[in-house]
There are 2 protein chains.
Amino acid sequence: MDKDIFTKLLRERGQRFTKERFVILQKALSYDGHFDPETLYLQIRKTGSKASRASVYRTLSVLRECGVIQQVAKTEHGTVYERTYGHRHHDHMLCVQCGDILEFYSEELEKIQENICKKQGFQGSSHTLEIRGYCKKCRKKKK
Amino acid sequence: MDKDIFTKLLRERGQRFTKERFVILQKALSYDGHFDPETLYLQIRKTGSKASRASVYRTLSVLRECGVIQQVAKTEHGTVYERTYGHRHHDHMLCVQCGDILEFYSEELEKIQENICKKQGFQGSSHTLEIRGYCKKCRKKKK
DNA sequence: ATAGTTGCAAAATATTTGCATTTAT
DNA sequence: ATAAATGCAAATATTTTGCAACTAT
């Protein structure tokens, strides 16, 4: 996302463009999959850019409110976010042991949901499906 | 769940029956819907029974491992659990206008999820599906 | 008798907040 | 000029843990 679009998004909400916010935005969008605040913060430090932990947390909230990212889950290792801006819909499997999150998408699943809604006269606009359990690795460890 | 069944469950795991664990079990099962550790703890105190916060956390872990309850989500207010023992599963439709929640169940949906898990080597133990949108009533009002 | 469990208080972890300083507009 | 954002350190909130005392088996 370029600087101008971001500035506009912020303006609409009476907020200001800052270097820190831009750095955080870019890092957040750079993740193809999932990320958490602490990892993002450490990576920003490593690349020499500057932004405090507090700003990371504050900016991630802003980005969520703008619809640029979304909260996927809270785990023992912190909140997991993912980019929504320019990404297509999918669902999640969450390993309750190691906190790993797998993405999946099923056209069939989507279709059935549409049908269920139709039957009930419900106009669905979005959904969240999270399957919890044990991933392949942790499943083996359990035995 | 009665004392004997619970004792047996614990025995199988080399664990002991205690008054504290029983109080916590009963309270956990008393919730029809969702609950969190802190609420459960405070309600136990209020009713005069005794069990420390530490025991609540420790016992909820045990109950989860026994499959009596399951972790539904982590939120800013703590971990949310729900009873699984003797309950049947369903999903939710949430009307974003009036806040109404409709429950539904689809065998088809369950089957497909099982298949998806199998393909990924994931051992699913539970899931949450929330469809958001407009219920019949609010849909009419919109027009 | 002994191995597991409890309660307490301290520690660990993730996140939020107050405030003085800096910065975008 | 001024209203908003920053960084820091302190505060919060939830959960975990070490340990001495207690208790189920």
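Here is how names work: the chains are called A, B, and so on, in the same order as the sequence lines, proteins then strands, and each is numbered from 1.
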Task: Comparing B/Ser61 and A/Tyr41 on DNA chain D - which has the more 5′ nearest nucleotide - done: A/Tyr41
Task: B/Tyr41 backbone acceptor or donor facing B/Arg53 side chain under 3.5 Å - done: no
Open item on the list: Between P on C/dA24 and NZ on A/Lys19, what's the gap in Å once rounded to a whole number?
Closed with: 4 Å
Task: Degree of bending in the helix from C/dA1-D/dT25 to C/dT25-D/dA1 once both end axes are built from five pairs, to 10° - done: 30°
Open item on the list: Nearest to the A/Arg11 side chain among C/dT25, D/dG18, C/dA24, which nucleotide is it?
Closed with: C/dT25
Open item on the list: Nearest to the A/Lys74 side chain among D/dA24, C/dA24, C/dT15, which nucleotide is it?
Closed with: C/dT15
- [ ] Check salt bridge (charged side-chain N to carboxylate O under 4.0 Å, His left out) between A/Glu65 and all other residues, then give those that pass, not counting sequence neighbours.
- [x] A/Arg13
- [ ] Using a heavy-atom cut-off of under 4.0 Å over every strand shown, decide if A/Glu38 touches base, sugar-phosphate, or nothing.
- [x] nothing
- [ ] Kindly indicate whether the side chain of A/Arg16 and the base of D/dA3 share any N or O donor-acceptor pair separated by less than 3.5 Å?
- [x] yes
Task: Length of the line joining A/Arg64:CZ and C/dT15:C1', which is rounded to integer Å - done: 13 Å
Open item on the list: Under 4.0 Å from OP1 or OP2 of D/dT15: is there any side-chain N or O of B/Thr79 that close?
Closed with: yes
Open item on the list: I'd like to know if A/Arg58 reaches the base of D/dA5 with its side chain such that a donor and an acceptor end up less than 3.5 angstrom apart.
Closed with: no
TODO: Choose from D/dG7, C/dT5, C/dC8 the nucleotide whose nearest atom is closest to any side-chain atom of B/Ser52.
DONE: C/dC8
Open item on the list: If you assign B/Thr75 and A/Ile24 each to the DNA chain D nucleotide with the nearest heavy atom, which residue ends up on the more 5' nucleotide?
Closed with: A/Ile24
TODO: Ignoring hydrogens and angles, state whether a donor on the side chain of A/Glu103 or A/Tyr105 is under 3.5 Å from an acceptor on the partner side chain.
DONE: no
Open item on the list: Using the side-chain heavy atoms of A/Thr18, tell me which of these nucleotides is nearest: D/dT25, D/dT6, D/dT15.
Closed with: D/dT6
TODO: Ignoring hydrogens and angles, tell me if any N or O in the side chain of B/Thr84 forms a donor-acceptor pair with the backbone of B/Val68 under 3.5 Å.
DONE: yes
Open item on the list: With a 4.0 Å cut-off on N to O distance, would you call B/Glu114 and B/Lys118 a salt bridge?
Closed with: no
TODO: Say whether, by atom type as modelled, one donor and one acceptor occur between the side chain of B/Ser125 and the main chain of A/Arg132 under 3.5 angstrom.
DONE: yes
